[in-house]
Amino acid sequence: MRIIGMDIHRVFAEAVALEDGETKRLGRIGMTREHLEDFARTLLPSDHVVVEATGNATAVVEILAPRVARVAVANPLQVHLIAKAKIKTDAIDARVLAQLYAAGFLPEVWIPDAATLARRRQVTRRTQLVRQRTRLKSVVQSILHANLIPPCPFADLFGGKGRNWLRAQYLPDDEREAIERHVEEYDRQSDALKGVERDIARAALSDPNVTRLMTIPGIDMVVAVGLMAAIGKIERFDNPDKLVAYIGLNPSVHQSSDGPAHHGRITKRGRANARHLLVEAAWQTVRSPGPLRAFYERVRSKRGNHIAAVAVARKLAVIIWHLLTKGEDYSWVRPSLHAKKLRDLELRAGHPPRRGQKGAGYDYNITQRRREERNRAQQAEGAYRRMTDGWRQRGPRSKPTDATNEERR
């Protein structure tokens, strides 16, 4: 078996072949589809190719995978031999990748399927559009601040009332023209955002996992789709702790010899976008009654708001693993709220509105129905509080001595 190690850059890739313990430099390959296809034709069906995870690694895998036996993608954060090498060249990096793979010590990353990749791209596009719209709002606010314009009395500066108020303010001609250009760009970005969300919603309607995650209060279409894009196949996580570690919500641990383990801040390794989505969902979840709010308040009383919100985000990751693995909905789902979420998802997908008709989401408009569902969630919250009231915080367990063991006998 021959192992091909590739150190990928933006313009080229350095390739090295490892066979029978000897390495041979294959030269540089241009990072274009034509050059990679020409290089793939020179490979053998029994070859194994190793590349490092980069922004264009997915396209490289797509081109090389049909020509070779296997393509492995290395985790760059865990390849310490390359990152800490004193003598570092592209050829050495490619050789180290091949040697680690041959020895069985290469930390690999999961290669998503085509559907997961498409979902990740859509989620990334939506995030970029949201950030661009936020930047445009900040630029307009800075112009108003520089010209001593008081804050807008309306909630949305770019809404109808906000725009009418903006037109009535005194501004120099060049500043007013700049604001008009920013508002036009904001409208263009808003139209693009609606188109991206429409495509995301259409794909989400046919995915039962997305609608299942939306049974959790605080998780809407954006969070559910973003989490499924990051998770991919739940089967690759054997237990909830692995999913928590993949998102980077597990605490760091330092322990040596027989000393006690010291737990620190969360590792923040893995999918950063999924971690941000879970923390945002946690802040919304604790606003609704339920066991998660009682858990948040219990942690908040000891560690503060922000640590409590991160703890709820970790708890959400564990719940999500169980829901996806068992194929069940959230136990304390509020049916009318979930129906409203699904109806909003249909409207985002472009379904026609049914004005004057009572659909599945109509129950959310009934005050009595909403009150009954909140009372049920409050009962679950109270049950959690009663269960945890008797808990006492304990320190680390001391190692039993010989005298203690003798007394036990």
Under 4.0 Å between a Lys/Arg side-chain N and an Asp/Glu carboxylate O for R314 and D241? yes
Please name all residues satisfying salt bridge (Lys or Arg N to Asp or Glu O under 4.0 Å) with D329, sequence neighbours left out, ordered by chain then number. R212
Going by ring pair (Phe, Tyr, Trp, His ring centres under 6.0 Å), name the pairs with one or both residues in residues 108-144, residues two or more places apart or in two chains. none
L227 and L277 have their tightest heavy-atom pair at N-CD1, 4.2 Å
What I want to find out is whether D191 reaches R188 closely enough, with some N-O distance under 4.0 Å, to be called a salt bridge. no
Just by distance, with hydrogens left out, do H35 and T32 show a side-chain donor and acceptor under 3.5 Å apart? yes
Is the shortest side-chain heavy-atom distance between M228 and R119 below 4.5 Å? yes
Of all the heavy-atom pairs spanning V123 and A229, show the shortest one and how long it is. CG2-CB, 4.2 Å
Taken in chain and number order and not counting sequence neighbours, the residues that satisfy salt bridge (Lys or Arg N to Asp or Glu O under 4.0 Å) with R275 are none
Determine whether more than 12 heavy atoms belonging to other residues, nucleotides or ligands lie under 6.0 Å from atom CZ of R41. yes
Check: R303 side chain, A308 main-chain N or O, donor-acceptor pair, under 3.5 Å: no
Quick check: does any side chain N or O of D207 sit under 3.5 Å from a backbone N or O of A203, one acting as donor and the other as acceptor? no
Sequence neighbours excluded, every pair satisfying salt bridge (Lys or Arg N to Asp or Glu O under 4.0 Å) that has a member inside residues 60-75: R70-E108
For atom CZ of R269, is the number of surrounding heavy atoms from other residues, nucleotides or ligands below 6.0 Å larger than 12? no
What pair of heavy atoms forms the shortest contact from L292 to K315, and how long is it? CD2-CG, 3.6 Å
What's the verdict on side-chain contact (heavy atoms from CB on, under 4.5 Å) for S46 and R2, showing C-alpha distance, side-chain angles and the deciding distance? CA-CA 7 Å; S46 59; R2 187 175 65 162; over 6 Å; no
Is it true that a side-chain atom of Y246 and a backbone atom of A230 form a donor plus acceptor pair closer than 3.5 Å? yes
Closer than 3.5 angstrom, by distance alone: can the side chain of T325 be matched with the main-chain N or O of W321 as a donor-acceptor pair? yes
For A317 and L243 the tightest heavy-atom approach is O-CD2, 3.5 Å
Go through the steps to decide whether Q378 and N375 satisfy the test side-chain contact (heavy atoms from CB on, under 4.5 Å), and finish with yes or no. CA-CA 5 Å; Q378 288 173 353; N375 292 338; 3.6 Å; yes
Residue pairs passing the salt bridge (Lys or Arg N to Asp or Glu O under 4.0 Å) test where at least one lies in residues 281-293, sequence neighbours excluded: R293-E381
Are side-chain N/O atoms of Q189 and E185 paired as donor and acceptor at under 3.5 Å? yes
Within the 4.5 Å heavy-atom criterion, are I366 and R370 side-chain neighbours or not? no
Output every pair passing ring pair (Phe, Tyr, Trp, His ring centres under 6.0 Å) with a member in residues 181-201, not counting sequence neighbours, ordered by first then second residue. F158-Y186
Among pairs that include at least one residue of residues 13-23, which meet salt bridge (Lys or Arg N to Asp or Glu O under 4.0 Å), considering only residues two or more places apart or in two chains? E14-R25, E14-R28
Stepwise side-chain contact (heavy atoms from CB on, under 4.5 Å) check, R133 with L193: CA-CA 9 Å; R133 292 167 77 244; L193 179 62; 3.7 Å; yes
Residue set satisfying salt bridge (Lys or Arg N to Asp or Glu O under 4.0 Å) with R33, at least two apart, ordered chain then number -> none
So which heavy atom on N56 is nearest to which on H9, and how close? ND2-O, 3.6 Å
Is the shortest side-chain N to carboxylate O distance from R348 to D344 below 4.0 Å? no
Got a sec, which residues hit salt bridge (Lys or Arg N to Asp or Glu O under 4.0 Å) with R369, two or more places apart in sequence or on another chain? D363
One pair to check against side-chain contact (heavy atoms from CB on, under 4.5 Å): I320 and I231. What are the steps and the verdict? CA-CA 10 Å; I320 287 171; I231 294 172; 4.2 Å; yes
For residues A313 and A282, report the shortest heavy-atom separation together with the two atoms involved. N-CB, 3.8 Å
Please confirm whether the backbone N or O of P240 pairs with a side-chain atom of H322, one donor and one acceptor, at under 3.5 Å? no
Please, which pairs that meet salt bridge (Lys or Arg N to Asp or Glu O under 4.0 Å) have at least one residue in residues 330-339, sequence neighbours excluded? none
Sub-3.5 Å donor-acceptor pair from the side chain of S138 to the main-chain atoms of T134, do we have one? yes
Would you say the side-chain atoms of T267 pair up with the backbone N or O of S252, donor to acceptor, closer than 3.5 Å? no
Short side-chain to backbone donor-acceptor contact, K161 and P153, under 3.5 Å: no
Could you check whether R376 and Q379, counting side-chain N and O atoms only, form a donor-acceptor pair closer than 3.5 Å? no
Listing request: all side-chain hydrogen bond (donor to acceptor under 3.5 Å, both in side chains) pairs with a residue in residues 195-204, at least two apart in sequence or in separate chains. R126-E197
Less than 4.5 Å apart, any side-chain heavy atom of I216 and any of I319? yes
Using side chain to side chain donor-acceptor pair (under 3.5 Å), reason through Q122 and R125 one step at a time and then give a plain yes or no. CA-CA 5 Å; Q122 289 290 75; R125 292 188 186 100; 2.6 Å; yes
Less than 3.5 Å apart, any donor N or O on the side chain of R371 or Q368 sitting next to an acceptor on the other? yes
Check whether F237 forms a cation-pi arrangement with K242 (NZ or CZ under 6.0 Å from the six-membered ring centre, at most 45° off the ring normal). no
Within the supplied structure, the quantity of interest is the number of heavy atoms (other residues, nucleotides, ligands) at a distance under 6.0 Å from R236 CZ; does it exceed 12? yes
Whether the D187 and S190 side chains hold a donor-acceptor pair (N or O, under 3.5 Å, no angle test) is what I'd like checked. no
Pairs meeting criterion ring pair (Phe, Tyr, Trp, His ring centres under 6.0 Å) with involvement of residues 37-78, two or more places apart: H48-Y101
